[in-house]
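Below: one structure, written as structure tokens.
The first residue of the sequence shown is numbered 1, and numbering continues consecutively from there. Values in this document were obtained by computation on a predicted structure and should not be read as measured data.
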Amino acid sequence: MKVQPEEQMMNHTFYSLLDNMHAIIYVTDIETNEILFMSRTMQEEFGIADPQGKVCWEVMVRDMGGPCPFCPVKRLKEQLESGENVSQIVWEEKNSLTGRVYANYDSIITWVDGRKVHLQHSVDVTDYKKLRVQANVDELTGMYNRRAGKEQLARKLRYMEEQDLSGTICMYDLNELKKINDSYGHVHGDRALALIGRVTLANIREEDLAFRLSGDEFVIVFEELHLQEAREKVEGLLKEISEVTVLENIQYKLSFCYGLVEFSGRDGHSLSELISMADEQMYCQKREYHIRKAQERLKISPAQLEKEIEEFDYDKEHLYDALIQATDNYVYAGNMKTGTFRYPPAMVAEFDLPGEIIPNAAAVWGRLIHPEDKKVFLEANQVVADGRAEGHDVRYRAVNRKGEWVPLRCTGHLVRDEYGRPDLFAGVISHVR
């Protein structure tokens, strides 16, 4: 069929319009896959000269021996042949020729010669996706950051509710991070956090979710795993972390405390409620961990004991602020960061304490507490040590130097440092008459 000059001019104008859009566009014959048109921008992007008449999958991708399996043309043709309205198909790919990621918009259109053809308009989204990943991922651990993690968790909860799925949420907290930072430097603290993130991501399934909630706190959601199954997974993480520390010659022990809560999509729990419940379970384990550590410190060597006594110090400027909120009697003060406390001479004499200044005071004083009261005593001290309470008011019995059980009441007030961490604790211990 002879093309009229007016039609040639219209075709030329159409092609020029597409080229001047600086868009990644190409058109193919839906039967032969031959390229009918490719914008100049796309030719330059893909390094293809004179594309007209060439088969798309032979020049637009690497090492493809036939039509691309992900090509949407087949679906578009089926829609066309069925007589239904042909809808645009939107999809995403990483092109093997350019190495870039494109958002593709495919449709069937009527070409300049009246036949139906395939048109694809693509947008390079590579840089956008990189920025999005950077905005969502915690750089140190490689896990979702707090904001992105909570957004993903909210989506997962909605999905689990819609699908009537169950699962287990785990919250875990790296032990002794402050000690690692203080003893070895923040580089090692960061290394420990990075290791936790690396091991976690390597051991969760595609359907699970993991993110860093705060400095040393992490969350995992195990989809369709019951409590015991999730516990086995988490214990496996702890075991692998221990093995990695040996392989990488890490000088300190890495571990974490964790809390598990099983839930169902039908429960209707909010994101905050689930995290809070898991946090409470984790705190129970962490409390036991710190009590165990305090008991271990009773084995401190005489040389270390002497060193800690010599180095004992506390912020005397804040001492008064704490004391005015207490009462008279046995006034005490202590450094929460070292666990070293000072007691008055009268109290030292009554209870036969080793001295006025006592390192690891909670454990030393704890040995004198009545067995029935010891749990109450240790828990009251731990909530303050964890920064979860501003003070305590607890009653217990302690044995004096004569072997008598003396009823006591202990009150105290916490002063925090500039970062909000427990710093100074002071108060009074009085006899209960």
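Of the possible polar contacts, none joining the Lys374 side chain to the Leu368 backbone as a donor-acceptor pair under 3.5 Å is found. Panel note: side chain Tyr252, backbone His188; a donor-acceptor pair is recorded below 3.5 Å. A donor-acceptor pair under 3.5 Å is formed between the side chain of Asp267 and the backbone N or O of Ser264. Here the side chain of Glu273 pairs a donor or acceptor atom with the backbone of Ser270 at under 3.5 angstrom. A donor-acceptor pair under 3.5 Å links the side-chain atoms of Asp417 to the main chain of Arg421, judged by distance alone. Judged by distance alone, the side chain of Ser276 and the main-chain N or O of Ser272 form no donor-acceptor pair under 3.5 Å.
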Quick one: do Arg191 and Glu248 satisfy salt bridge (charged side-chain N to carboxylate O under 4.0 Å, His left out)? Show the steps, please. CA-CA 11 Å; Arg191 180 187 181 187; Glu248 298 187 5; 3.6 Å; yes
Using the rule given for side chain to side chain contact (heavy atoms under 4.5 Å, CB included), can you reason through Phe222 versus Ile169, listing the C-alpha separation, both sets of side-chain angles and the distance that settles it, and then say yes or no? CA-CA 6 Å; Phe222 297 104; Ile169 185 169; over 6 Å; no
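Because its NZ or CZ atom is both nearer than 6.0 Å to the ring centre of Tyr283 and within 45° of the ring axis, Arg388 counts as a cation-pi partner of that residue.
Ring geometry for Phe341 versus Phe425: interplanar angle of 30 to 60°, hence tilted.
Of the candidates Tyr330, Phe351, Tyr332, Trp365 forms a ring-ring contact (aromatic ring centres under 6.0 Å, His included) with just one, namely Phe351. Applying side-chain hydrogen bond (donor to acceptor under 3.5 Å, both in side chains) to Tyr102 and the options His121, Glu92, Glu45, Glu93 leaves one that passes, Glu45.
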